[in-house]
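Report on the following structure.
None of these values were measured; they are calculated from a predicted model.
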Amino acid sequence: MTHPNQLWMAGEQAMDRKNFKRAEISYRQALALDASHAPSLIGLSSALSELGRHREAHEAAMMAFQKRPPIAPVIFAIAQRLRYFHEFDALAQCLATPSFGRDAPADIIAKAAVMLSSIGAHDQAVALVEQGLAKKPSDAACLHVRGNFHYFRGELDRAEACYEASLRADPLLFQNSMMLAGVRPATEERNYVERFREQLTRARPGGNGEIYLPFALHKQLHELKRYDEAWDALARGCVAKRKQTPYHLSTDRALVDAIEATCTAQFIGQTSTVDQPIVPIFIVGMHRSGTTLLERMLSGHSLVGDAGETTAFHAELELALDRATPKGPDAAFVRATPEADFDAVARGYARRARWLSGGKPFFTEKLPQNFLNVGLIAKAMPQARFLHLVRDPMDTCFSNLRQLFSGAAQYSYVAEELAGFYLLYRRTMAHWRNVLPGRVLDISYDALIEDPEAMARRVAAHCGLDFEDAMVDIQRSSGTVATPSAGTARQGFRKDRGQVWRNYEQQLQPLRAMLQPAYDEVLPV
């Protein structure tokens with residue numbers, strides 16, 4: 001008699017050949033013999049995703065979660081599928097299976113800990129990576145991840161020690177050098193410039209070292225005020241990153257065209273009536289515009305949980321449309337949204353909110369590019385609040401240009417693409433002001449820095465909250481800030497972060513000229 005494992009293996013071979021229909025058949029044959037065969041459920045989920053049957057793929061992944069055996073490789077494979085579908089509660093439960101931490105090798109534990117941290121399960125992630133280091137104290141990946149956790153919590157000496165230990169274990173893990181550059185400001189007496197330059201000579205051509213090290217060099221040289229050298233390093237890093245980062249501004253232009261054509265006042269005015277007992281507060285804008293600072297302010301409120309940056313809303317829209325766009329909405333996706341059941345979207349989001357909110361009646365969702373979804377969110381959840389950070393165009397764009405992102409902001413490595421995307425963002429927000437008057441509170445970054453308490457009171461009132469003094473204590477030691485702004489978000493409302501781009505004014509003249517339309521626009525902030 002054929003064993004399910006044999007049929008599962010046949011399915012895996014079909015997947016390798018990209019014969020996804022044949023793979024589906026083999027997995028289903030295995031499941032006909034054993035409905036709880038988790039490897040076949042995982043394979044079926046992957047095959048169905050490739051065949052464009054998103055809802056069925058999700059159902060298979062959730063079934064695999066329910067049937068999960070105490071086998072570490074299978075648990076990790078299930079977790080990867082759950083992360084794909086943004087099923088955060090299930091993901092956390094899956095990786096909490098005792099046998100996973102006990103049996104998985106350290107490098108897999110490091111990857112699992114990163115997944116947990118990415119969904120805000122920081123305490124669980126820390127505990128897991130400690131299990132990995134108990135098995136292999138010199139594991140470079142676990143040491144790097146542990147260093148990140150210390151950095152996110154503001155424990156800078158411990159973070160630095162972990163990054164150094166990780167580099168000793170693997171001198172080519174150049175992510176450590178990138179993080180070391182941000183632990184503390186460079187001084188003439190203490191900096192990594194020559195070390196990074198030496199490491200760059202050992203970086204593999206076309207590898208990540210040619211990206212991480214120039215960005216790390218730029219940061220150190222900038223802090224040393226060696227601006228010409230800093231610009232050369234940044235330019236080198238941007239070129240290397242762009243080679244690995246496919247991006248077409250025309251795709252985003254088509255997306256914004258679709259948003260304006262589809263998300264009319266009439267369409268988004270017909271809202272869901274499903275109750276949202278937990279109120280989401282969406283913080284939107286450009287990356288590097290101050291969204292982390294505002295999230296830190298709101299998370300100081302006793303009634304507000306902090307969900308970080310999630311794509312939970314987009315995940316519900318994907319299920320409603322039975323269409324996956326893992327990189328975010330595109331023009332075809334937006335044009336299809338009139339087909340979606342927005343009551344189903346609202347119910348699904350309410351289910352996710354129970355985990356995202358951490359048990360509090362309000363919570364923040366701080367994914368900057370949710371600015372693309374404002375109207376669709378408002379249609380599904382009329383109770384949602386929206387806060388939009390507005391920062392000086394050049395300050396915002398230069399901060400994007402010099403930030404090495406992981407899987408986001410693909411527009412940010414070429415000046416023409418960066419300026420083009422920024423203008424599309426401003427155009428999108430103008431559309432939401434037109435069709436959703438009064439729903440989005442525009443917040444001037446400069447005003448936030450100048451008078452934090454006044455802005456905190458204004459923000460609280462817009463969100464339906466009473467002001468609390470803790471909202472302006474963003475230097476508090478509590479909480480985890482797991483974004484590129486982790487180092488600065490704890491430093492308070494600093495007034496010396498504007499106009500940094502002027503140190504590179506000559507090199508940035510083309511960008512400044514392309515952004516002129518944004519300076520000509522008058523914003524209601």
Distance in Å, Leu376 CG paired with Phe333 CZ, rounded so as to fall on 0.5 Å steps: 8.0 Å

Arg17 and Gln13: side chain donor to acceptor below 3.5 Å: no

Exercise: do Glu87 and His58 side chains pair donor with acceptor under 3.5 Å: yes

Evaluation steps, side-chain contact (heavy atoms from CB on, under 4.5 Å), between Asp257 and Arg427: CA-CA 10 Å; Asp257 289 344; Arg427 177 179 147 194; 2.5 Å; yes

Can you list, pair by pair, the side-chain donor-acceptor contacts under 3.5 Å of residues 503-510, counting residues two or more places apart and other chains?
{"from": "Asn503", "atom 1": "ND2", "to": "Val500", "atom 2": "O", "distance (Å)": "3.0"}
{"from": "Tyr504", "atom 1": "OH", "to": "His222", "atom 2": "ND1", "distance (Å)": "2.7"}
{"from": "Glu505", "atom 1": "OE2", "to": "Arg502", "atom 2": "NH1", "distance (Å)": "3.0"}

Any residue meeting side chain to side chain contact (heavy atoms under 4.5 Å, CB included) with Ala518, in chain and number order, not counting sequence neighbours: Pro393, Tyr422, Leu423, Arg426

Crowding at CZ, Arg226 (>12 non-hydrogen neighbours, <6.0 Å): yes

Sequence neighbours excluded, every pair satisfying salt bridge (charged side-chain N to carboxylate O under 4.0 Å, His left out) that has a member inside residues 242-256: Arg242-Glu417

Within 6.0 angstrom of Lys136 NZ, more than 12 heavy atoms from elsewhere: no

More than 12 heavy atoms of other groups within 6.0 Å of Asp107 CG: yes

Residues that His54 engages under side-chain hydrogen bond (donor to acceptor under 3.5 Å, both in side chains), provided they are two or more places apart: none

Donor on one side chain, acceptor on other, Asp330 and Thr325, under 3.5 Å: no

Between NZ on residue Lys241 and CG on residue Asn208, distance to nearest 0.5 Å: 7.5 Å

Contacts of type side-chain hydrogen bond (donor to acceptor under 3.5 Å, both in side chains), residue Ser118, not counting sequence neighbours: Arg83

Heavy-atom check, side chain of Arg153 versus side chain of Tyr151, under 4.5 Å: no

Heavy-atom pair with the smallest gap, counting every atom of Ile259 and Leu372: CD1-O, 3.6 Å

Ser45 backbone acceptor or donor facing Ser49 side chain under 3.5 Å: yes

Evaluation steps, salt bridge (Lys or Arg N to Asp or Glu O under 4.0 Å), between Glu130 and Arg146: CA-CA 8 Å; Glu130 292 302 325; Arg146 181 203 258 174; 2.8 Å; yes

Arg236 (side chain) donor-acceptor with Ala233 (main chain) under 3.5 angstrom: no

Donor-acceptor side-chain pairing of Ser399 and Arg288 below 3.5 angstrom: yes

Non-neighbouring partners of Pro39 that pass side chain to side chain contact (heavy atoms under 4.5 Å, CB included), sequence neighbours left out: Trp8, His37, Val74

Those residues that, when tested against His431, pass side-chain hydrogen bond (donor to acceptor under 3.5 Å, both in side chains) (two or more places apart): none

Minimum heavy-atom distance between Ala181 and Glu223, given as atom pair plus value: O-OE1, 4.4 Å

Euclidean distance, Phe85 CZ relative to Glu318 CD, rounded to 0.5 Å: 8.5 Å

Straight-line distance of Leu91 CG to Arg81 CZ, nearest 0.5 Å: 13.0 Å

Under 3.5 Å: donor-acceptor pair, side chain of Ser299, backbone of Glu295: yes

Pair Tyr445, Asp395: side-chain N/O donor-acceptor within cut-off below 3.5 Å: no

Thr364 to Asp306 - nearest heavy-atom pair and separation: OG1-CA, 3.6 Å

Audit row: Leu356, Phe88, side-chain contact (heavy atoms from CB on, under 4.5 Å) steps and yes/no: CA-CA 8 Å; Leu356 292 170; Phe88 299 158; 3.7 Å; yes

Ring centroid separation His144 to Tyr163 under 6.0 Å: yes

Within-4.5 Å side-chain heavy-atom neighbours: Asn176 and Glu160: no

Aromatic ring proximity, centroids under 6.0 angstrom, His287 and Phe405: yes

Flag, side chain of Lys135 to backbone of Gly101, donor-acceptor distance under 3.5 Å: yes

Between CG on residue Leu448 and CE on residue Met297, distance to nearest 0.5 Å: 5.0 Å

Derivation of the side-chain contact (heavy atoms from CB on, under 4.5 Å) call for Trp231 and His218: CA-CA 7 Å; Trp231 177 262; His218 165 75; 5.9 Å; no

Those residues that, when tested against Glu210, pass salt bridge (Lys or Arg N to Asp or Glu O under 4.0 Å) (two or more places apart): none

Donor-acceptor pair, side chain of Thr311 and main chain of His314, under 3.5 angstrom: no

Heavy-atom closest pair, residues Ala216 and Ser177: CB-O, 3.9 Å

Distance-only donor-acceptor check, side chains Thr310 and Arg352, under 3.5 Å: no

Within residues 406-416 or reaching into it, pairs that qualify as side chain to side chain donor-acceptor pair (under 3.5 Å) - sequence neighbours excluded: Asn400-Tyr411

Backbone of Cys162 reached by a side-chain donor or acceptor of Ser166 within 3.5 Å: no

Residues that Arg195 engages under side chain to side chain contact (heavy atoms under 4.5 Å, CB included), provided they are two or more places apart: Glu164, Leu167, Leu180, Tyr192, Gln199

Donor-acceptor under 3.5 Å (Thr396 side chain, Asp392 main chain): yes

Side-chain donor/acceptor of Tyr519 to backbone N/O of Met394, under 3.5 Å: yes

Set of side chain to side chain contact (heavy atoms under 4.5 Å, CB included) partners for Ala121, sequence neighbours left out: Leu116, Ile119, Gln124, Trp355

Set of side-chain hydrogen bond (donor to acceptor under 3.5 Å, both in side chains) partners for Asn370, sequence neighbours left out: Asn373

Asp446 backbone acceptor or donor facing Ser444 side chain under 3.5 Å: yes

Inter-residue atom distance Leu255.CG - Leu249.CG, 0.5 Å rounding: 11.0 Å

Leu82 vs Phe65, side-chain contact (heavy atoms from CB on, under 4.5 Å): CA-CA, chis, key distance, verdict: CA-CA 8 Å; Leu82 295 173; Phe65 165 66; 4.0 Å; yes

